[in-house]
Amino acid sequence: MKPSFHINDLFQEVDSFWCEKELPRIGISANRKEGQACVAETYVQSVLQAGGSPVIIPALTDLQALTTIVNGLDGLLMSGGGDINPLFLQEEPIPALQDGDTFRDTFDLCLIRLASNRQIPIMGICRGHQMLNIAFGGNVWQDIYTQNEHPLLKHSQKFPREQVSHSVKLENQDTIFVNSFHHQAIQKIAPEFIETAVAPDGINEGIRHQEKAIFSVQWHPEALAIHQDENAKELFRKFIHNASLFRKAKQIHHRIITLDSHTDTPMIFPQTFNIGKKEGGKVNLPFMEEGLIDAVFMVAYIPQGTRDDKSLKQATEYALERLSQVKRQEELNPNRVGIAYTPDDLIRLKQEGKKAICLGVENGYAIGKDLSNITRFQEIGVRYITLCHNGDNDICDSARGNNEWNGLSPFGKEVVHEMNRLGIMVDVSHASEKTFYDVLDCSEQPIIASHSSARALCNHPRNLTDDQLKALATHDGVVQLCLYKGFIHPEAEKASLSDAIRHIDHIVDLIGIDHIGIGSDFDGDGELIGCRSSNELINITCKLLEHGYSETDISKIWGANFLRVMRKVQNASNNN
């Protein structure tokens, strides 16, 4: 826009402007100087130049106001500034510590926490680099010159900011030249972060999260970027790309139904519980709200026990008690959640601005030897039953069992027919291969695997072989990818969100986009690097977008495929 002193001309230009596409909204953390909230214009110009819309966030610690601000962001840029108070790291100050601002430290930490809970992409610069590392569990040198025994470069330069002053080696072993104005620096890198830049003297100059869109650098690329330094401009382009992707993921989540088909949350609470609070587990309403997840199946999980009449009755009653506690969540949080029994209920609850909970049972052991218990579960709202868990039961053989029945038992076939009749989906996760194929032969309706992964990528008996996946698709069923690390990567502790996406890619390539979904197994030990709880599930969408999946594809993965099966099973029951 050209400056004009003719107000009418100025207003005409504003009024006639048509915004064809909104830019990703980038929050920039403000510094505090002499009672003023301020940000160097180089931060603003660098964000604009890279295609973002900058918003300055004043230093404040009012969580209501900060939460409102953060909820509207697509990216967060943590700016530079003074020293960090070592008391936040349970350290006493050393003599070389310089000027700091504890209020701003508090502001920065709150801001990072709010943004990271919502998976908002973050870029840190200088002090922001150090604050990110602290927020995620690392620490910093209070003063590199007095706390290091080996010789160091001069890191606090007197050069103009637009001039480079020393080199750093990048993660790919390339060397670039940067500017430098600091005496504090990262000492221990936070867990799950990788070093991306290091100075010739060994001082850390850059980090990134293994899976999330979070990275930071020790130098000041904003001062270089506006003077057309390509390396600095590339950092901002990368950041704005991450923010644009996240913005698109949020928009998609607002338009589609996002359903996690398997969580064990009722298991982790000994008696009564309230998912309206962010306490204890990996699935609750605050997490679902932060991650823009619409619905979850909460299952009554029963470990396999002895099969005498007393034990079987106890298993049934325990499952019913857990399910009653899940249904109680609707009474405890009437304005935030409802129990969904049909796909239409899920749609209605989303339109009402509420989250949805569906009910399931994990382990047909809870049925005992009495078919009438299936009716009891159906009447309380159960919409799928996992036929077994780790161990054979009276229904079938388990993937971790002793092949007692060579698949489905005679009683198990009656169970499948009764579930078909009552409109309850048959879940073959945990079942042996022979059980799986017996169920396909026996069931008149499509079946589900509520939380299973691809054995071709991780050779675990709980995962489905390619032949099983093909058979499932032939019968119009759906497999819900499990985020349990031992089912995702042969070395479980290395299992990451990227590994899970490889499972999705494999299944889609093998059987098509119409037969895959997500069943996290959260609160049943499901978790991956980059996806550990319900608020982090939107990271799956960001990765899918990166891999070229369309909104239609993502809608199918996030619930449409599962709900197709659910609707078909229920409609068949209603027509009986």
Side-chain angles (χ1 to χ4, degrees), residues 249 252-253 255-263 292-297 299 340-347 349-350 356-358 360 383-386 419-420 423-429 436 439-440 443-454 463-464 466 468-483 487 500-521 526 531 534 537-538 540-541 543-545 547-573:
I252 289 173
H253 276 233
R255 289 191 288 262
I256 68 172
I257 296 290
T258 50
L259 166 70
D260 178 354
S261 68
H262 191 90
T263 69
L292 302 180
I293 298 302
D294 298 317
V296 295
F297 263 84
V299 302
Y341 304 100
T342 68
D344 287 341
D345 287 340
L346 289 168
I347 296 169
L349 287 166
K350 184 177 178 87
I357 301 175
C358 305
R383 293 302 178 254
Y384 77 69
I385 297 175
T386 314
M419 289 173 66
N420 285 170
I424 298 175
M425 291 178 286
V426 179
D427 178 16
V428 292
S429 285
F436 171 90
V439 172
L440 280 184
S443 179
E444 297 174 359
Q445 301 303 325
I447 67 172
I448 66 169
S450 68
H451 58 305
S452 295
S453 304
N463 286 341
L464 300 182
D466 283 359
Q468 285 178 287
L469 290 167
K470 291 175 183 177
L472 188 72
T474 299
H475 288 76
D476 200 31
V478 62
V479 55
Q480 303 289 107
L481 187 77
C482 184
L483 305 184
F487 305 159
I501 300 300
R502 279 190 280 274
H503 279 254
I504 292 176
D505 287 343
H506 174 79
I507 293 170
V508 170
D509 290 343
L510 184 72
I511 60 175
I513 194 65
D514 295 323
H515 306 283
I516 175 70
I518 308 292
S520 69
D521 206 17
C531 194
S534 290
L537 286 171
I538 194 171
I540 294 177
T541 306
K543 291 284 188 183
L544 291 173
L545 287 170
H547 279 235
Y549 287 85
S550 69
E551 179 170 338
T552 299
D553 295 336
I554 291 168
S555 176
K556 289 181 177 183
I557 293 170
W558 262 126
N561 290 336
F562 186 94
L563 294 179
R564 179 195 72 239
V565 175
M566 184 176 179
R567 191 181 296 278
K568 187 171 183 179
V569 171
Q570 291 185 350
N571 286 346
S573 171

For Trp558, the option from Thr541, Asp553, Thr258 that meets side chain to side chain donor-acceptor pair (under 3.5 Å): Thr541

Nearest heavy-atom neighbours spanning Val569 and Pro446: CG2-O, 3.8 Å

Pair Ser429-Ser452, side chain to side chain donor-acceptor pair (under 3.5 Å): steps then yes or no: CA-CA 6 Å; Ser429 285; Ser452 295; 2.8 Å; yes

Thr263 side chain reached by Ser520 side chain, heavy atoms, under 4.5 Å: yes

Identified side-chain contact (heavy atoms from CB on, under 4.5 Å) counterpart of Lys556 within the set Asn561, Val478, Ile516, Ile256: Asn561

Mutual orientation of the aromatic rings belonging to Tyr384 and Phe562 [parallel < 30°, tilted 30-60°, perpendicular > 60°]: perpendicular

Identified side-chain contact (heavy atoms from CB on, under 4.5 Å) counterpart of Ile447 within the set Val428, Val565, Asn420: Val428

Working for side-chain contact (heavy atoms from CB on, under 4.5 Å), residues Ile557 and Ile513: CA-CA 7 Å; Ile557 293 170; Ile513 194 65; 3.8 Å; yes

His262: which of Val296, Ile448, Ile518, Asp521 passes side-chain contact (heavy atoms from CB on, under 4.5 Å): Asp521

CA sep, side-chain torsions, deciding dist, call: Val426, Gln445, side-chain contact (heavy atoms from CB on, under 4.5 Å): CA-CA 9 Å; Val426 179; Gln445 301 303 325; over 6 Å; no

side-chain contact (heavy atoms from CB on, under 4.5 Å) partner of Ile507, the single match among Ile511, Leu510, Asp505, Asp509: Ile511

Cys358/Arg383 under side-chain contact (heavy atoms from CB on, under 4.5 Å): CA gap, chis, key distance, verdict: CA-CA 7 Å; Cys358 305; Arg383 293 302 178 254; 5.5 Å; no

Worked verdict on Arg564 versus His515 for side-chain contact (heavy atoms from CB on, under 4.5 Å): CA-CA 10 Å; Arg564 179 195 72 239; His515 306 283; 3.7 Å; yes

